[in-house]
Amino acid sequence: GAFTEKQEALVNSSWEAFKGNIPQYSVVFYTSILEKAPAAKNLFSFLANGVDPTNPKLTAHAEKLFGLVRDSAAQLRANGAVVADAALGSIHSQKGVNCSQFLVVKEALLKTLKEAVGDKWSDELSSAVEVAYDELASAIQKA
Ligand code: HEM
Ligand code: ISQ
């Protein structure tokens, strides 16, 4: 069905919670990715010295990704579909990013947002984030 105003508001609320402590939540995010996919360390040069929350590149990349999930929710609400830049598609295809890696990142995103929103977490919030992420991931793979 259509992406609702309520779902967009839920995704926005999770983004606001993430922004409340970007260094802390970035650590949760990268640690979760590396637990499931240790090889991700080789994909991101800023992980060479481990998950360092004071590394501005590390937090900036996480913030960018979380921000795009929020944009995805806004696009779904406004247009019913998500379009990703061609550049975003080409960087991921050049790096050979695959479906299982998209799944690892999704699970890490959900885990991080769950921690960020605390007792405001709900199945509804989780599924709104999942829809926004999945639509964004397929737009990136298409672009
Ligand atoms: C680069 C977003 C999924 C690996 C980028 C960039 C963006 C981005 C915006 C440009 C550089 C930056 O600003 O960070 C996303 C989004 C994703 C996603 C929104 C999911 C919906 C993935 C996955 C992987 C991946 C699943 C593989 C585990 C990379 C790599 C780069 C990159 C290796 C190049 C990093 C560099 O060398 O600067 N991504 N990404 N991405 N992404 Fe993703
Ligand atoms: C994927 N693409 C770009 C940036 C990222 C940051 C953290 C984890 C995955 C990412």
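We're numbering straight along the sequence, starting at 1. Whatever order the structure lists them in is the order used to number ligands and atoms, beginning at 1.
- In terms of protein heavy-atom proximity, atom 3 (C) of ligand 1 is closest to Phe102 CE2, 3.5 Å.
- When each atom of ligand 1 is checked for a heavy atom of Leu43 under 4.0 Å away, the hits are 27 (C), 28 (C), 33 (C).
- With a heavy-atom cut-off of 4.0 Å, Gln101 touches ligand 1 through backbone and side chain alike.
- Under the rule for a side-chain hydrogen bond (donor to acceptor under 3.5 Å, both in side chains), Asn79 has no partner lying at least two apart in sequence or in another chain.
- Residue, atom and distance of the protein heavy atom nearest to atom 3 (C) of ligand 2 are Phe44 CE2, 4.1 Å.
- Distances from atom 10 (C) of ligand 1 to the protein include no heavy-atom value under 4.0 Å.
- Given atom 4 (C) of ligand 1, the protein heavy atom at minimum distance is Phe44 CZ, 3.5 Å.
- A donor-acceptor pair is defined here as one N or O able to donate and one able to accept, closer than 3.5 Å; no such pair exists between the side chain of Glu115 and the backbone of Thr112.
- In terms of modelled atom types and a separation under 3.5 Å, the side chain of Ser72 and the main chain of Tyr133 share no donor-acceptor contact.
- For the pair Gln7 and Ala2, the tightest heavy-atom approach, listed with the atom from each and the gap, is OE1-O, 3.7 Å.
- Taking the side chain as every heavy atom from C-beta outward, Phe3 and Val11 approach each other to under 4.5 Å.
- Within ligand 2, the atoms closer than 4.0 Å to a non-hydrogen atom of Ile33 are 8 (C), numbered from 1 in the order shown.
- Taking every non-hydrogen atom of Lys64 and a distance limit under 4.0 Å, the qualifying atoms of ligand 1 come out as 9 (C), 13 (O).
- Remark: side-chain polar atoms of Ser13 are paired, donor with acceptor, to backbone N or O of Leu10 under 3.5 angstrom.
- Of the possible polar contacts, one joining the Asn55 side chain to the Lys57 backbone as a donor-acceptor pair under 3.5 Å is found.
- Remark: ligand 1 and His61 share an N or O pair separated by less than 3.5 Å (distance only, no angle test).
- Contacts between Leu68 and ligand 1 below 4.0 angstrom, taking non-hydrogen atoms only, involve the side chain exclusively.
- By the rule that hydrophobic residues join a cluster once side-chain heavy atoms approach within less than 4.5 Å of another member, Val129 and Leu65 end up as members of one cluster.
- The protein heavy-atom contact nearest to atom 7 (C) of ligand 2 is Tyr30 CE2, 3.2 Å.
- Listed by atom number, the atoms of ligand 1 under 4.0 Å from Leu136 heavy atoms are 19 (C), 21 (C).
- Tyr30 contributes a side-chain N or O that, together with a main-chain N or O of Leu58, makes up a donor-acceptor pair within less than 3.5 Å.
- At a threshold of 4.5 Å between side-chain heavy atoms, the hydrophobic network of Ile, Leu, Val, Met, Phe, Trp and Tyr places Leu109 and Leu88 in one connected group.
- Note on atom 43 (Fe) of ligand 1: protein N, O or S atoms under 2.8 Å away count 1, no waters included.
- Atoms of ligand 2 found under 4.0 Å from any heavy atom of Phe29, numbered from 1 in the order shown, are 7 (C), 8 (C).
- In this structure, Phe66 has its ring center under 6.0 Å from that of Phe29.
- Follow the hydrophobic side-chain contacts under 4.5 Å out from Trp15 and you reach Tyr25 in the same cluster.
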